[in-house]
Amino acid sequence: MKRISKKNINQKLIGNSGSKLLIYFNKKYIIRKLSINKDTSTRLENQYKKIINFKKNKQIYVPEIYKSGYERFNFYYDMEYVNGENFPEFILRSNSFIINRLFKKILVFIVECKKKSEDKFYDSNLILNKIKELEKSKTLKSKSYKHIFEKLKLFKWQNISLSQNHGDLSLENILVRNENIFFVDISKNFIESFYLDLSKLLFDLLSGWSFRNLNEYENRIQVISIKQNYLKFLHNNFDTNELNLIKMLTLLDFLRVLNYCKNIDHLKLLKTKLKIFYDHFNNPMLW
């Protein structure tokens, strides 16, 4: 692999998965995502495969992949630099009509994933093992989480179908360019199902996670509107059993993010929102 000339590198970043991100110029701006060790190399290669196998959708775009390979045994791939706006920032500066029109494209994508889901269902032990793995974490040893873990372990994890999905569908992993929606940071998760996308969106809108670094978001009419529309969408498109599954996966999402969060203010936010969600588990009006 020909190494990128230092003079062409515009910016160096660290990705959420621990990989390096290099923005460089070669006739146009390109992002190189580069693993830093064997573990991240495997994850990055799985992510690359998921992106190139992403089935095209009229509503959703993904960055184009240019090439891939290895640099000193570490996997990398080069992809299109999408000069778009982060969706949470777009939400805060736009009107509710435009926001919900674009958000509907995401919901249409999820509905299509459900329609095209395979007649293959995940073994409940796969989810239970993930729960037990989290339960061993020192970060989640507090007594305040004990009742949540018990609730998760007692739930019947059935009928989670395999399907195309994003894998980490938070609002911050969505870009807007010319009113087109781009999915970025598509991830290979422990299960591949549209239900996981549904729960991650619910987690994000309830916790405000994608807005955590943006000031004065919570009482903005745009955020309230998109949350209300999403809750209405869930109610209209999924039966009681599915809604219970989505809520339980959302509890799991809270714990998974709490497990890696280090920022004190962000931890406080998560704990507060988790308590509200758990205490009013069957009353969406109070979420």
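Below, all heavy atoms of this structure are taken into account, side chains as well, without hydrogens, waters or symmetry copies. Predicted model only: the values in this text are computed from it and were never measured.
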Minimum-distance pair of heavy atoms, taken over all atoms of Asn165 and Phe54 = O-CE1, 4.4 Å

task = Looking only at non-hydrogen atoms, find the nearest pair between Leu34 and Leu44 and report the distance.
result = C-CD2, 3.8 Å

message = Would you say Gln47 and Lys33 are linked by a side-chain donor-acceptor pair, where the criterion is simply a distance under 3.5 Å?
response = yes

inquiry  = For a quick check under 3.5 Å, do Glu45 and Tyr70 share a side-chain donor-acceptor pair by atom type?
reply    = yes

request  = Could you check Lys247 against Tyr278 for side-chain hydrogen bond (donor to acceptor under 3.5 Å, both in side chains), going step by step and ending with a plain yes or no?
outcome  = CA-CA 10 Å; Lys247 289 191 295 181; Tyr278 185 82; over 6 Å; no

request  = Please determine, by modelled atom types, if Asn95 and Gln222 share a side-chain donor-acceptor pair under 3.5 angstrom.
outcome  = no

request  = Can you measure from OG (Ser124) to CD (Gln158) and round to the nearest 0.5 angstrom?
outcome  = 7.0 Å

request  = State yes or no: are the ring centers of Phe109 and His166 separated by less than 6.0 Å?
outcome  = no

message = Could you check whether Asp204 and Ser170, counting side-chain N and O atoms only, form a donor-acceptor pair closer than 3.5 Å?
response = no

inquiry  = Closer than 3.5 angstrom, by distance alone: can the side chain of Asp168 be matched with the main-chain N or O of Asp185 as a donor-acceptor pair?
reply    = no

query = Which heavy atom in Leu171 sits nearest to a heavy atom in Ile91, and how many Å separate them?
reply = CD1-CD1, 4.0 Å

ask   = Any side-chain heavy atom of Leu22 within less than 4.5 Å of one from Ile31?
value = no

Carboxylate-amine/guanidinium contact Asp253 Lys200, below 4.0 Å = no

inquiry  = Looking at Phe90, is its backbone amide N or carbonyl O close enough to the side chain of Arg93 to form a donor-acceptor pair, meaning the two atoms are under 3.5 Å apart?
reply    = no

request  = Verify salt bridge (charged side-chain N to carboxylate O under 4.0 Å, His left out) between Glu192 and Lys50, making sure each step is shown before the conclusion.
outcome  = CA-CA 10 Å; Glu192 295 291 298; Lys50 184 168 180 176; 2.6 Å; yes

request  = Compute the ring centroids of Tyr48 and Tyr76, then answer whether they are less than 6.0 Å apart.
outcome  = no

query = Which pair of heavy atoms, one from Leu152 and one from Met248, lies closest together, and at what distance?
reply = CD2-O, 3.5 Å

request  = In sequence, state the C-alpha distance, the side-chain angles, and the governing distance for Glu242 and Lys114, and then conclude on salt bridge (charged side-chain N to carboxylate O under 4.0 Å, His left out).
outcome  = CA-CA 12 Å; Glu242 289 179 302; Lys114 179 182 180 180; 3.1 Å; yes

ask   = Any luck finding a side-chain donor-acceptor pair between Tyr61 and Lys105 under 3.5 Å?
value = no

inquiry  = When you group the ILVMFWY residues by side-chain heavy-atom contacts below 4.5 Å and let the links chain together, are Val108 and Ile246 in the same group?
reply    = no

inquiry  = As a quick check of understanding, evaluate side-chain contact (heavy atoms from CB on, under 4.5 Å) for Leu134 and Phe149, giving each step before the final call.
reply    = CA-CA 9 Å; Leu134 283 169; Phe149 277 115; 4.0 Å; yes

key: N-O pairing of Glu179 and Arg101 below 4.0 Å   = yes

ask   = Are any of the side-chain heavy atoms of Tyr195 and Leu245 separated by less than 4.5 Å?
value = yes

ask   = Does atom NE2 of His147 have more than 12 heavy-atom neighbours from other groups under 6.0 Å away?
value = yes

task = Go through Ile30 and Tyr81 one step at a time and tell me if the side-chain contact (heavy atoms from CB on, under 4.5 Å) criterion holds.
result = CA-CA 5 Å; Ile30 297 171; Tyr81 172 72; 5.9 Å; no

message = For Lys130, I'd like to know if atom NZ has over 12 heavy atoms of other residues, nucleotides or ligands within 6.0 Å.
response = yes

ask   = Passes side-chain contact (heavy atoms from CB on, under 4.5 Å), Phe203 versus Leu251? Steps please.
value = CA-CA 8 Å; Phe203 157 78; Leu251 277 181; over 6 Å; no

request  = State, with a plain yes or no, whether a side-chain heavy atom of Leu206 is found less than 4.5 Å away from one of Lys227.
outcome  = yes

ask   = Could you walk me through whether Tyr230 and Leu198 pass the side-chain contact (heavy atoms from CB on, under 4.5 Å) check?
value = CA-CA 10 Å; Tyr230 185 56; Leu198 289 167; 3.5 Å; yes

ask   = Do Thr139 and Tyr260 have side chains that get closer than 4.5 Å, going by heavy atoms?
value = no

request  = Verify, without hydrogens or angle tests, whether Ser35 (side chain) and Ser19 (backbone) share a donor-acceptor contact under 3.5 angstrom.
outcome  = no

ask   = Asn100 and Ser225: side-chain donor and acceptor closer than 3.5 Å?
value = yes

query = Do the rings of Phe103 and Phe87 sit parallel, tilted or perpendicular, given the 30° and 60° boundaries?
reply = parallel

message = Using a strict threshold of under 4.0 Å (side-chain N to carboxylate O), is an ion pair present between Glu135 and Lys132?
response = no

inquiry  = In the structure I gave you, are the side-chain heavy atoms of Ile191 and Leu196 within less than 4.5 Å of one another anywhere?
reply    = yes

message = Let's go through Glu112 and Lys56 carefully: what are the C-alpha distance in whole Å and the side-chain angles of both, what is the deciding distance for salt bridge (charged side-chain N to carboxylate O under 4.0 Å, His left out) to 0.1 Å, and is it a yes or a no?
response = CA-CA 11 Å; Glu112 287 184 3; Lys56 291 185 178 180; over 6 Å; no

query = Can you find a pair of side-chain heavy atoms, one from Pro88 and one from Leu214, that are under 4.5 Å apart?
reply = yes

request  = Please check if atom CD1 in Ile264 has more than 12 non-hydrogen atoms from other residues, nucleotides or ligands closer than 6.0 Å.
outcome  = no

message = Donor-acceptor check, side chain of Ser137 to backbone of Glu133, threshold 3.5 angstrom: yes or no?
response = no

ask   = Do we get Lys273 above Phe254's six-membered ring, with its NZ or CZ under 6.0 Å from the centre and within 45° of the axis?
value = no

inquiry  = Could you check whether Lys20 pairs with Glu71 (Lys NZ or Arg NE/NH1/NH2 to Asp/Glu carboxylate O, under 4.0 Å)?
reply    = no

message = Please check this pair: side chain of Asp123 against backbone of Leu126, looking for a donor-acceptor N/O pair closer than 3.5 Å.
response = no

inquiry  = Between Arg177 (side chain only) and Glu85 (backbone N and O only), is there a donor and an acceptor less than 3.5 Å apart?
reply    = no

ask   = Would Tyr24 and Tyr29 count as a close aromatic pair, with their ring centres under 6.0 Å?
value = no

message = For a 4.5 angstrom cut-off between non-hydrogen side-chain atoms, does His266 reach Trp209?
response = yes

task = Give the intermediate values and the outcome of side-chain hydrogen bond (donor to acceptor under 3.5 Å, both in side chains) for residues Asn229 and Lys104.
result = CA-CA 9 Å; Asn229 281 339; Lys104 186 178 179 181; over 6 Å; no

request  = Answer yes if the side chains of Ser161 and Ser163 hold a donor-acceptor pair under 3.5 Å, and no otherwise.
outcome  = no

ask   = Taking all non-hydrogen atoms of both residues, which atom of Val184 and which atom of Ile174 are closest, and how far apart?
value = CG2-N, 4.2 Å

ask   = Would you say Phe182 and Val62 make side-chain contact, with heavy atoms under 4.5 Å?
value = no

Lys275 NZ: over 12 foreign heavy atoms closer than 6.0 Å = no

key: Check: Lys49 main-chain N/O paired with Asn53 side-chain donor or acceptor under 3.5 Å   = yes

inquiry  = For Phe155 together with Trp157, are the ring centres under 6.0 Å from each other?
reply    = yes

task = Could you pull out the closest heavy-atom pair between Ile51 and Pro63, with the gap in Å?
result = CG2-O, 4.3 Å

query = How long is the gap from CD1 on Ile131 to NZ on Lys151, to the nearest 0.5 Å?
reply = 12.0 Å

query = Would a distance-only check, ignoring hydrogens and angles, find a side-chain to backbone donor-acceptor pair under 3.5 Å from Ser187 to Asn189?
reply = no

